[in-house]
Enquirer: 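Can you keep this structure in mind? I'll have questions shortly.
Reminder, nothing fancy here: chain letters follow the sequence lines and each chain counts from 1. The figures that follow rest on heavy atoms only: side chains count, while hydrogens, waters and symmetry mates do not.
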Amino acid sequence: MRYWLMKSEPSDCSIDDLAAMPNQTVAWYGVRNYQARNFMRDMMKVGDLAFFYHSSCPRPGIAGIVCVASPPYPDATQFDEKSRFFDPKSSQEEPRWHNVDVRLVEKTPFVDLATLKEQETLAGMRVLQKANRLSITPVDAEEWRTITTRLMAPKKQP
DNA sequence: GCCAACGTTGGC
DNA sequence: GCCAACGTTGGC
């Protein structure tokens, strides 16, 4: 199984929004980047775990853990003319974009971006690289362990 | 709101 | 197939 980090703008879907969803599950629609799509379409397996990351917000960082809850399937919004994710170049016969469903595993103590950057062992994380814009990135087992065991231990909030 | 970095597009 | 222009991302 693999580990991932998936970005979401909390104004769009926050960890609390996810917690309020039926089955605490949401379709990860709207990805329009081929690399990120390929991760979902070709690499993700049901049961993979991912950090749920809040981006483009006052306090970016990891807000929880989710799991991959479905195989990949065509992203419905690419066919919807009213959606901001509508893609006129896609077709039902040959859908261009795919997504998986994601289910909340747990809301964790918040690990903000500044804290992630402080960890020497995390210096190689994709999401910490300069100008990284990929909304889905692989996380290796060592990085996962560092974050979950060292940074997510309950502690007082700053 | 700024800006750097990057992906995509489209003319040639 | 190159590459300039453009749009988007995302931290600050």
Enquirer: Rounded to the Å, how far apart are A/Glu9 CD and C/dG10 P?
Expert: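 Going from CD in A/Glu9 over to P in C/dG10 covers 7 Å.
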Enquirer: Check whether A/Asp112 reaches the backbone of A/Pro60 with its side chain - one donor and one acceptor, N or O, closer than 3.5 Å.
Expert: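 Flag not set: sc A/Asp112 to bb A/Pro60 has no pair under 3.5 Å.
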Enquirer: By nearest atom, which of the nucleotides B/dG7, B/dT8, C/dC12 is closest to the A/Lys117 side chain?
Expert: C/dC12
Enquirer: Assess the pair A/Tyr34 and A/Trp97: is the distance between their ring centroids shorter than 6.0 Å?
Expert: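 Under 6.0 Å, so yes.
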Enquirer: Provide, to the nearest angstrom, the distance between the CD1 atom belonging to A/Ile136 and the P atom belonging to B/dG7.
Expert: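 Going from CD1 in A/Ile136 over to P in B/dG7 covers 15 Å.
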Enquirer: Could you give the OH-to-P distance, from A/Tyr34 to B/dG7, as a whole number of Å?
Expert: 13 Å
Enquirer: When you measure from the side-chain N and O atoms of A/Tyr53 to the phosphate of C/dG11, is any distance below 4.0 Å, counting only OP1 and OP2?
Expert: yes
Enquirer: Just how far, in rounded Å, is C1' of C/dT8 from CG of A/Asn33?
Expert: 11 Å
Enquirer: Can you figure out which of B/dT9, C/dC12, C/dG10 approaches the side chain of A/Leu113 most closely?
Expert: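 Nearest to the side chain of A/Leu113 among the choices is C/dC12.
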Enquirer: Report the distance from atom CD of A/Gln35 to atom C1' of B/dG7, rounded to the nearest whole Å.
Expert: 10 Å
Enquirer: Is it true that A/Ile136 and A/Ile62 fall in one hydrophobic cluster, defined by side-chain heavy atoms closer than 4.5 Å?
Expert: no
Enquirer: Roughly, in whole Å, what's the span from NZ in A/Lys89 to P in B/dG10?
Expert: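 It is 5 Å, rounded to the nearest whole Å.
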Enquirer: Does a nitrogen or oxygen in the side chain of A/Lys130 sit under 4.0 Å from OP1 or OP2 of B/dA4?
Expert: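 No, no such contact exists.
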Enquirer: Consider only side-chain N and O atoms of A/Asn99 and A/Tyr73, and report whether a donor and an acceptor are under 3.5 Å apart.
Expert: yes
Enquirer: Can you find a side chain N or O atom of A/Lys7 that sits less than 4.0 Å from OP1 or OP2 on C/dT9?
Expert: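 Indeed not, no polar side-chain atom of A/Lys7 lies that close.
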Enquirer: Check every atom of C/dG10, B/dG10, B/dA5 against the side chain of A/Ala131 and return the nucleotide holding the closest atom.
Expert: B/dA5
Enquirer: Over how many whole Å does the gap from A/Asn132 atom CG to C/dC12 atom P extend?
Expert: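 To the nearest whole Å, that distance equals 13 Å.
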Enquirer: Sort out for me which residue in A/Arg37, A/Arg96, A/Arg32 forms a salt bridge (charged side-chain N to carboxylate O under 4.0 Å, His left out) with A/Asp75.
Expert: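 Per the salt bridge (charged side-chain N to carboxylate O under 4.0 Å, His left out) rule, the option paired with A/Asp75 is A/Arg32, out of A/Arg37, A/Arg96, A/Arg32.
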Enquirer: Round to the nearest Å and state the distance from A/Asp112 atom CG to C/dG10 atom C1'.
Expert: 16 Å
